[in-house]
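Worksheet: the structure to be examined is printed underneath.
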Amino acid sequence: MYDKSIEEKWMRKWEKEKAYSFNETDKTKPVYVIDTPPPYTNGVLHMGHVSDYSFIDFIARYKRMKGFNVLYPQGWDTMGFHTEITVEKKYGKNLDEKEFLEKCEALTTDNLVKMREQMKLLGFSVDFSREYITMSREYKAKVQLSLLLMYEKGLLYIGDHAVYWCPYCKTAIAREQIEDKEEKTKLNYVRFDMEGGSAEQLTIATTRPELLHACVAVAVNPTDERYAKYIGKQVSIPLFGRKVKIIGDEDVDVSFGTGAEMVCTFGDKKDLVIYHRHKLDEIKAIDEGGHLLNAGKYTGLSIQDARSAIISDLEKEGRITKKEEILHTIKIHEDCKQPIELLHSTEWFSKTTDFVNEIKEQANKIKWIPEITKRYLMDWANYIDWDWVISRDRRFDTPLPFWICKSCGYIVGADKKSLPVNPRVDAPPVDKCPKCGGELAGEKRTCDVWIDSSITPLVIAGWPDNKELFSRAFPSDIRINATEIIRSWDFYTIYRVWALTGNIPWKNIFVHGLILGPDGRKMSKSIGNVVSPEELIKTYSADSVRMWAALSGTMQGDKALIFNDVKFAHSFINKLFNSLEFARPALSGYVPSSSDMANTDIFDKYMLSRLNSLIKQVSSAYEDLRFYDAANAIINFYWHVFCDYYLENIKYVVYGDDKARKKGVQYTLHAVVDAVLRMLAPIIPFSTAELYQSFAGKDVHAQQFPVADEHAIDKDIEEKGEYLNNIISMIRKEKTKNKLALNFELTKIIINVPEKYYTLLAENKHKLELIAKVKEIEVKVGKEEGVSIAQ
RNA sequence: GGAGGCAUAGUCUAAUGGUAGGACGGCAGAUUGACAUUCUGCAAGCCGGAGUUCGAUUCUCCGUGCCUCCACCA
């Protein structure tokens, strides 16, 4: 019976012995480096993390057993918006900066400690002595160094650029922080007068009448017969009276609204494209807090108020010819769920658009598993519209290490020797602007959190100081993460590492789907379908949860968490423990020796052949990171081939007096248990550690992974063994049919077999009698294959 | 709107141009010298249509449904 308390015991033992420390001085073993995605510390580990990190740990443990010196550190992504919001919600928005940052750090540390404990509970063989924390001074210094180097390479710049802007949070946001939201809105048909007071009118349809003041053109599709003739003419904007041109653009959808649309400089992304394409004028429409600019009497109104005021005024003038309710999708900020605007803003940028080809080239050098996932990155890269906005107007983040000249705009980077710096309070490295002698002002903004987390493959390899380790540990061998972060984390990591080193960040990347709630929907607190790892560990065990992770399919798609799968894993582990209760006494005093192979019979040879086939199969599954296949193959073999048949088939030997036969059986038993425990060790480390200790007196995790003995694999023996088991199954079936207990001793049965199996059956008749508890078996050659009771 | 993926018992999943394998759940039975967290057995399935073929669940096309990414959303 499986006792969960062993998990605590082994966990503390591994912790105390620092069993999984990377041995930096050992240069004999090849190094295997795992770049784990550091979890964000605004919360604790959920089942998605558990699945992700379990996969990583399977690899780490497997590679150690294959003789690698495994570098498996764990990082913590600590800073940024989410933590700030949590702290603001908890303590209000009125904390002073020092107090606010202290609360952020305290919250982070608290979560970090909880997560670290969760990882230990789950048996993750992380080298915690090589932990990195993005809010630490040391890590911030590295982030700032990376920014200085990128600046020197001309990859960073301050620009006046259209950015997605959240008026609610008053911050620029990146494309991946945007969500779509469907909502009902009114499509307003607004009548414009044509130039020269002609009687001709043009009606446009708009969902955003509040941007009327920023209208810089009216666009129609040049193929649209209704309007093509108007291209080049002018119309007058209602309420404002300003005249704008009618332009032709093929992106205008003739079937939407009236087929004529107004173009505002910052209405949406398509407006922006047309604005650039036709070199239209710029009118700043909205300020950073979401109030109208340059809008005459409407200036200063919020977007909502302006919308009602303008609609009402348009109606008074009889300009609105129709209002239509439509369902459309607006872009909202994923954090605050408020609508996003496009604004021109002065921000820091990292040049990505110019390097799309380089990034794709790097991505092509990485092995993507499964290969299809590379496509997600490529699709993303192909749609880069503008550079990566890396500045954030927030507080709990790495400060941008720059000072800017107030008079000429010259940028002064921090002194690399004095990192980390905080230009909001620290003095610049030089007194005056080196270019014009002007006064320098510290950059007040911080950087995007992805800036922090996109250099992990460098940091874990000792960058920039430990050059010796770096030469061995970079690039990382593998990165593992979910599909959802390919376009952010993976993309930025590939870009940043390329920019800083010209190299790829990892040789391999394994991408998997999400773990959904039991109802098949994404786990979410508001739906209430979140399952906590603790709950499952408490009900079952850490090993069951890990085994569940291995059994959760190929993980190419998303996967619902099914409790039965954890239960099943738990049952198997229990079976493993119970079977050892049989095997251990049966092997008592046995010293394995290859000479005992001489005493193996067909049942043993069948087992050994199957075992070695299994080792081959499982090894290749592990190599290809197909943990589902590995776990599944071991479970089926152990439970249904080894326990259900072999153990039953040899009981008469174990409890009998034939010493020679017993040696053959013990040899086989030992070989199977030994190899199976070692093969399961990466997946269920606690159970296998406990069992291997009692079985072999050794640490299973210090053993080599089993290697198949090709000579033991004999397809002819496998077929014969299969046939004998099939006969046993038929005898069991006969007993069941007659409602007899399986250990009920039958007097006589007749077995009809095809001629080719007659010799096999005749030779093993006596063994079958003992295994199946029958006094006498008569074997006959017969057309009707089968077993019948002769009473 | 574009691109891609997927469709197998109640649920999850595998393989296959010729009888579709397994798990969970269900049902029936057994209590066996490690194990009731067990053992034995049973029932239950290829989304719809057309084509290619002696034969299609598998290949092709169409439809339908689901998923992902991208675009549009004045």
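Below, chain A is the first sequence line, B the second, and so on; all start at residue 1.
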Roughly how many Å is it from CG in A/Asn636 to C1' in B/A23, rounded to a whole number?
-> 8 Å
Using the C1' atom on both, measure B/G25 against B/U11 and round to a whole Å.
-> 8 Å
Whole-angstrom distance between B/G22 and B/A14, as gauged at atom C1' | 7 Å
For atom C1', what is the distance between B/U16 and B/G45, given to the nearest Å?
-> 15 Å
Mind calculating the distance between CZ (A/Arg732) and C1' (B/U32) to the nearest angstrom?
-> 10 Å
When rounded to the nearest Å, what value does the distance between C1' atoms of B/C42 and B/G4 take?
-> 42 Å
List in chain and number order the residues that pass salt bridge (Lys or Arg N to Asp or Glu O under 4.0 Å) with A/Arg191, two or more places apart in sequence or in another chain; answer none if no residue qualifies.
-> none
Whole-Å distance, A/Asn578 CG to B/C35 P, equals 7 Å
If you check every side-chain atom of A/Tyr628, which of B/C39, B/U13, B/A23 has the closest atom?
-> B/U13
Can you give me the N/O atom pairs linking the protein to nucleotides 1-5 of chain B at distances under 3.5 Å, or say none if there are none?
unit_1, atom_1, unit_2, atom_2, d
B/A3, O2', A/Arg375, NH2, 2.8

Would you check if there is a donor-acceptor pair between the side chains of A/Asn364 and A/Lys374 at a distance under 3.5 Å?
-> yes
Could you tell me whether A/Leu580 contacts a base, only the sugar-phosphate backbone, or nothing, with contacts defined as non-hydrogen atoms closer than 4.0 Å?
-> nothing
Contacts of type side chain to side chain donor-acceptor pair (under 3.5 Å), residue A/Lys575, not counting sequence neighbours | none
Rounded to the nearest Å, what distance is computed from the OH atom of residue A/Tyr638 to the P atom of nucleotide B/U37?
-> 19 Å
With sequence neighbours left out, write down each residue that passes salt bridge (Lys or Arg N to Asp or Glu O under 4.0 Å) with A/Glu315, or none if nothing qualifies.
-> A/Lys323
Could you pick out which residue, A/Ser729 or A/Gly656, lies toward the 5' side of RNA chain B when each is mapped onto its nearest nucleotide?
-> A/Gly656
Would you mind classifying the nucleic acid contact of A/Lys773 as base, sugar-phosphate or nothing, using non-hydrogen atoms under 4.0 angstrom?
-> nothing
Would you mind classifying the nucleic acid contact of A/Lys733 as base, sugar-phosphate or nothing, using non-hydrogen atoms under 4.0 angstrom?
-> sugar-phosphate
Looking at the side chain of A/His640, which of B/A23, B/U38, B/G41 is the nearest nucleotide?
-> B/A23
Taking atom C1' in both B/G21 and B/A44, compute the distance separating them and give it to the nearest angstrom.
-> 15 Å
Spacing between A/Met547 atom CE and B/C24 atom C1', to the nearest angstrom | 16 Å
Proximity to the side chain of A/Lys575 - top-ranked nucleotide from B/U40, B/C35, B/G41 = B/C35
Watson-Crick or G-U wobble partner for B/C24, using a 3.5 Å limit on both distances?
-> B/G10
B/U58 - base-pair partner by Watson-Crick or wobble geometry, distances under 3.5 Å = none
Assign each of A/Ala205 and A/Tyr645 to its nearest nucleotide of RNA chain B by heavy atoms, then name whichever residue's nucleotide is nearer the 5' end.
-> A/Tyr645
Do the ring planes of A/Phe572 and A/Tyr638 sit parallel (below 30°), tilted (30 to 60°) or perpendicular (above 60°)?
-> perpendicular
Could you tell me which residues satisfy salt bridge (Lys or Arg N to Asp or Glu O under 4.0 Å) with A/Lys616, sequence neighbours excluded, listed by chain and number?
-> A/Glu710
Here the distance between atom C1' of B/C39 and atom CG of A/Leu647, to the nearest Å, is 13 Å
Can A/Lys651 be said to sit on top of A/Phe582's aromatic six-ring, NZ or CZ under 6.0 Å from centre and within 45° of the ring axis?
-> yes
Among B/G41, B/A23, B/G25, which is the nearest nucleotide to the side chain of A/Lys567?
-> B/G25
What's the closest nucleotide to the A/Phe568 side chain, out of B/C24, B/U40, B/G41?
-> B/C24
State whether A/Trp639 places a side-chain N or O below 4.0 Å from either non-bridging phosphate oxygen (OP1 or OP2) of B/C39.
-> yes
B/G41 and B/U52, which share atom name P, separated by this distance in whole Å = 44 Å
For A/Asp674, what residues pass the salt bridge (Lys or Arg N to Asp or Glu O under 4.0 Å) criterion, not counting sequence neighbours?
-> A/Arg678
Given atom CD of A/Glu745 and atom P of B/G33, what is their separation to the nearest angstrom?
-> 14 Å
Consider the side chain of A/Asp644, meaning its heavy atoms from C-beta on, and name the nucleotide among B/C39, B/U38, B/C35 that approaches it most closely.
-> B/C39
Under 4.0 Å between any heavy atoms, over every strand shown, what does A/Asn632 touch: base, sugar-phosphate, or nothing? Just pick one.
-> nothing
Identify, with sequence neighbours excluded, every residue that meets side chain to side chain donor-acceptor pair (under 3.5 Å) alongside A/Asp604.
-> A/Tyr646, A/Arg661
Within this structure, what is the CG-to-C1' distance between A/Asp629 and B/A15, rounded to whole angstrom?
-> 12 Å
Sugar-phosphate only, base, or nothing, as touched by A/Cys643 at under 4.0 Å among non-hydrogen atoms | base
For B/U68 versus B/C61, give the span between their P atoms, rounded off to a whole number of Å.
-> 25 Å
Could you write out each protein N or O paired with an N or O of nucleotides 19-21 of chain B at a distance under 3.5 Å?
none

Shortest non-hydrogen pair, A/Arg242 vs A/Leu212, comes out as NH2-O, 4.2 Å
Applying the 3.5 Å cut-off to both distances, the Watson-Crick or G-U partner of B/C69 turns out to be B/G2
P-based separation of B/C46 from B/A9 [nearest Å] | 7 Å
Which residues pass the side chain to side chain donor-acceptor pair (under 3.5 Å) test with A/Ser620, sequence neighbours left out?
-> A/Arg626
Verify the distance criterion only: is there a donor paired with an acceptor across the side chains of A/Asn649 and A/Asn725 at less than 3.5 Å?
-> yes
